[in-house]
> 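I have a structure I would like to understand better, so I am pasting it below and will then ask my questions one at a time.
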Amino acid sequence: MAHKILVTGGTGYIGSHTTVELINAGYEVVIIDNLSNSNVKVLDGIEKITGVRPAFVEGDCTDLATLDRLFKEHPGIDGIINFAASKAVGESVQRPLLYYRNNLVTLINLLEEMPANGVKGIVFSSSCTVYGEPDVNPIDETAPIKEATSPYGNTKQISEEIIRDFVASGAPVKSILLRYFNPVGAHPSAEIGELPNGVPNNLVPYLTQTAAGIRKELTIFGDDYNTPDGTCIRDFIDVTDLAKAHVIAMKRMLDGEDTRAVEVFNLGTGNGLSVLQLINAFEHATGVKVPHKIGARREGDIEKIWADPKKANEVLGWKAEMDIEDTMRNAWRWQCKLGK
Ligand code: WQD
């Protein structure tokens, strides 16, 4: 019988793409989402792509009673992929308690429910932010964890520790911690993608909105960094590539033998691209110009970081496959669908 997977935050950006890949791989999906940063119409997009409408619970994972009900109404959940979290770095500085409550209470509640309901594995969305400014690039999983520079980043570090401590206590669960680099793009069908919430903080949504004429120009935050063209370098990973890694991680926990109880993987392409190079890739791929100017550095930005994804390549058998220009075309198609 197909494994049943609970995807928390499943109507969100990465959650919706992962739900599509889970369904495509034959899994049954139950989504819980409080719709705080997503829209219930995302379910229509998932259904259009896969032909299957996942079960949906509108609710908040910080409420244990809601989760109790969910597990009663949807018995037989084998695994959890936890995307339900707040993710805006700047907002987390303004509203730290909101971030600690949402991100940590959600995780604690889910972990608590796992043994009681026979849930065997949890995939956790971590971030390359745990590495801070790397001493060397590309960076692998053995690199030291640096002190977090925002409450958001701190929730990722603390969450990893909570999971490790819980598993070390003898709890009968496995976990895979996935450290994402910079997820970008949208589903090639343009049925799902990243939904903007006000003025985007992240580069690609700002870029596509500028290309669409919604924003006047993109400001590049600094061109005096110690990089070849002076702009920051990131590892931009296509959201569908990223989503596929979750399916493999889940399969490994549920069906793999002799895997370690907690494993951690970097999810990146292994290629660093500067902000300017990304803008060029977008323009080249779409033929659409992005008005931009150089502005001041953004406080707290990391100069350069890109992944060594060898462990994920070799152990998970997963590799980022999308070409950045295809990814930019998908991002643009999605922006065009959202409107100008
Ligand atoms: C990328 C580069 C900016 C906007 C953050 C979090 C990380 C992850 C993703 C969750 C930087 C530059 C951006 C703009 C610009 N978390 N930039 N003009 O900062 O690498 O990572 O988001 O969702 O944990 O830390 O991503 O997309 O904000 O920035 O020049 O208008 O683009 O300075 O160099 P970042 P980003």
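One-based numbering, in listed order, for ligands and for the atoms of each.
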> Is the ring centre of His246 less than 6.0 Å from the ring centre of Tyr27?
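Aromatic pair excluded; centres sit 6.0 Å or further apart.
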> Which pairs with one or both residues in residues 149-162 pass salt bridge (Lys or Arg N to Asp or Glu O under 4.0 Å), sequence neighbours excluded?
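Only Glu160-Arg179 qualify under salt bridge (Lys or Arg N to Asp or Glu O under 4.0 Å).
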> Using the test salt bridge (Lys or Arg N to Asp or Glu O under 4.0 Å), find all partners of Arg329 that sit at least two apart in sequence or belong to another chain.
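Expected list: Asp326.
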> Flag the pair Asp224 and Arg297 as a salt bridge only when some basic side-chain nitrogen lies within less than 4.0 angstrom of an acidic carboxylate oxygen.
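Looking at Asp224 and Arg297, the cut-off is met.
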> Do any nitrogen or oxygen atoms of ligand 1 lie under 3.5 Å from a protein nitrogen or oxygen, and which ones?
residue: ligand 1; atom: 16 (N); partner: Tyr152; partner atom: OH; Å: 3.2
residue: ligand 1; atom: 18 (N); partner: Thr219; partner atom: O; Å: 2.7
residue: ligand 1; atom: 19 (O); partner: Arg298; partner atom: NH2; Å: 2.8
residue: ligand 1; atom: 20 (O); partner: Asn182; partner atom: ND2; Å: 3.0
residue: ligand 1; atom: 20 (O); partner: Arg234; partner atom: NE; Å: 2.5
residue: ligand 1; atom: 22 (O); partner: Asn202; partner atom: ND2; Å: 3.1
residue: ligand 1; atom: 24 (O); partner: Ser127; partner atom: OG; Å: 3.2
residue: ligand 1; atom: 26 (O); partner: Asn182; partner atom: ND2; Å: 3.2
residue: ligand 1; atom: 27 (O); partner: Asn202; partner atom: ND2; Å: 3.3
residue: ligand 1; atom: 27 (O); partner: Leu203; partner atom: N; Å: 2.8
residue: ligand 1; atom: 28 (O); partner: Asn202; partner atom: ND2; Å: 3.1
residue: ligand 1; atom: 28 (O); partner: Arg298; partner atom: NH1; Å: 3.3
residue: ligand 1; atom: 28 (O); partner: Arg298; partner atom: NH2; Å: 2.9
residue: ligand 1; atom: 29 (O); partner: Arg298; partner atom: NH2; Å: 3.3
residue: ligand 1; atom: 30 (O); partner: Thr219; partner atom: O; Å: 3.4
residue: ligand 1; atom: 30 (O); partner: Phe221; partner atom: N; Å: 2.9
residue: ligand 1; atom: 33 (O); partner: Asp301; partner atom: OD2; Å: 2.5

> Applying salt bridge (Lys or Arg N to Asp or Glu O under 4.0 Å), can you list everything that pairs with Arg252, at least two apart in sequence or on another chain?
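Residues passing salt bridge (Lys or Arg N to Asp or Glu O under 4.0 Å) with Arg252: Glu263.
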> State yes or no: are the ring centers of Phe282 and Trp332 separated by less than 6.0 Å?
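Yes.
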